[in-house]
Amino acid sequence: MPELPEVETIRRELRSLILNKKIKDFQVKDSIFLKKPKSKAVWRKNITSKVKDVTRQGKFLIIQLSNGLKVVIHLRMTGQIIYGGDDGAKIKIVFSDSSTLSYYDKRRFGEWYLVKNEKEIPLLCLLGADPTEESFTIDVLSNLLQKRNTKAYDFLLDQRSISGIGNIYVNEILYNAKLSPFRKTREIKADEIEQLYYSIREILNKALKARGSSVDTYLDIWGNPGKYAYQHVVYGKEGEFCAYCPNKIMRGKLSSRSIYFCPGCQQ
DNA sequence: AATCGTTCCTGATAGC
DNA sequence: TGCTATCAGGAACGAT
């Protein structure tokens, strides 16, 4: 499940690798990933341009081309981007120096767009604050929490409030902040908001330093796993003792996905 | 209008 | 042992 730290790790290294390279060919083995346009031929015709920049918005990876078009990729659950790669790739970008980028995706949920404007992608134009930016302050978080009337867990996962957090980091963040996943956003007090803010920053920064979490299929562009899963304290840790109290980490269901939390610390 | 539950997809694994 | 059923989760979609 590539979330902000994983997509950002990919972006940073991909950028320095493919900047100013010209795309020579675009090979597609499975068209399910091409969301807009859907035609393989239109992609092949329009993608042959130079890479001007590689950016990220939330969990979207964006390859900016000199011809003004943008290749927007969302890895969803099992999407992988590998520099080089093999013949098993579902999509392959070939550069004029013969280097390649390969795309793999076991569960086929990934999304590829080739658009003039990000606004053509429904969720992308609605994305909320990037929690790793300087502009994301305690006040910003506080205002966002007031605007919503939902549970802390659902709030953090909603890409329209804060972008980039998925199920691994939401569980780690809430535990670190000692905040219940069921807590209503408007009922969170000022000192708790401050703690939540620092937990968001700290967990995402540490995950970024460790090059992300490889619990399922995530790999960096070299095909190597990230190391943050070794630092997970609640995600996938059902039944293990909490580090701060005598309780054990519990697993439950919220909004039809798995939540992991300490019933003692996160009241 | 905003929130909540269901669906998509396939590989891994629990359970009979 | 071998098969089937269930689970995993990001975000669109439909229902409330």
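This structure is a prediction, so every number in the text was calculated from the model and none was measured. Letters go in sequence order (proteins before strands), and every chain restarts at 1.
- In this structure, A:Arg76 places its CZ atom 15 Å from C1' of B:dT10, rounding to the nearest Å.
- In this structure, A:Leu157 atom CG and C:dG10 atom C1' are separated by 9 Å, rounded to whole Å.
- Seen from the ring of A:Tyr244, A:Lys178 counts as a face-on cation partner, given the 6.0 Å and 45° thresholds.
- The interatomic distance linking A:Ile259 (CD1) with C:dG9 (P) rounds to 11 Å, in whole Å.
- Checked for salt-bridge contact, A:Asp25 and A:Arg44 meet the test: a charged N lies under 4.0 Å from a carboxylate O.
- Across the protein-nucleic acid pair, A:Met77 atom CE and B:dA12 atom P stand 15 Å apart, rounded to whole Å.
- No contact: A:Lys35 has no heavy atom under 4.0 Å from any strand.
- Residue A:His74 places none of its side-chain N or O atoms closer than 4.0 Å to OP1 or OP2 of C:dG10.
- The shortest distance between the side-chain N/O atoms of A:Thr78 and the OP1/OP2 oxygens of B:dT10 is not below 4.0 Å.
- Distance alone, capped at 3.5 Å, is enough to place a donor-acceptor pair between the A:Trp43 side chain and the A:Pro37 backbone.
- Between A:Asp158 and A:Arg160 there is a salt bridge, since at least one side-chain N of the basic residue sits less than 4.0 Å from a carboxylate O of the acidic one.
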Provide a list of protein-nucleic acid N or O atom pairs under 3.5 angstrom, restricted to nucleotides 4-6 of chain B.
residue, atom, partner, partner atom, Å
B:dC4, OP2, A:Thr150, OG1, 3.1

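- Side-chain contact check for A:Asp139 and A:Thr137: no donor-acceptor pair (N or O, by modelled atom type) lies under 3.5 Å.
- At C:dC7, none of the side-chain N or O atoms of A:Lys253 fall inside 4.0 Å of OP1 or OP2 (strictly under the cut-off).
- Of the residues A:Glu8, A:Glu6, A:Glu118, A:Glu133, the one that meets the salt bridge (charged side-chain N to carboxylate O under 4.0 Å, His left out) test with A:Arg56 is A:Glu8.
- Rounded to whole angstrom, the span from the CD atom of A:Glu111 across to the P atom of C:dA12 amounts to 7 Å.
- Overall bending of the helix from B:dA2-C:dT16 to B:dC16-C:dG2, expressed as the angle between end axes built from five pairs apiece, is 60° (10° steps).
- Residues A:Asp130 and A:Ser163 have side chains that never bring a donor and an acceptor to within less than 3.5 angstrom of each other.
- Salt-bridge check for A:Lys106 with A:Asp216: failed, with every basic side-chain N at 4.0 Å or more from each acidic carboxylate O.
- Between A:Thr9 and A:Glu13, the side chains place no donor N or O within less than 3.5 Å of an acceptor N or O (distance only, hydrogens not considered).
- Between A:Arg107 and A:Gln159, the residue anchored nearer the 5' end of DNA chain C, judged by the nucleotide with its closest heavy atom, is A:Arg107.
- The separation between A:Trp112 atom CH2 and C:dA11 atom C1' is 19 Å, rounded to whole Å.
- Nucleic acid contact for A:Tyr235: sugar-phosphate only, since backbone atoms but no base atoms lie under 4.0 Å from a heavy atom of the residue.
- Side-chain atoms of A:Asn176 never come within 3.5 Å of backbone atoms of A:Glu172 as a donor-acceptor pair (strictly under, hydrogens ignored).
- The side chain of A:Leu123 sits closest to C:dA11 out of B:dG11, B:dT10, C:dA11.
- Taking atom CE of A:Met1 as the reference point, atom C1' of B:dC9 lies 15 Å away to the nearest angstrom.
- Nucleotide B:dT13 holds its P atom 10 Å from the CG atom of A:Asp216, rounded to whole Å.
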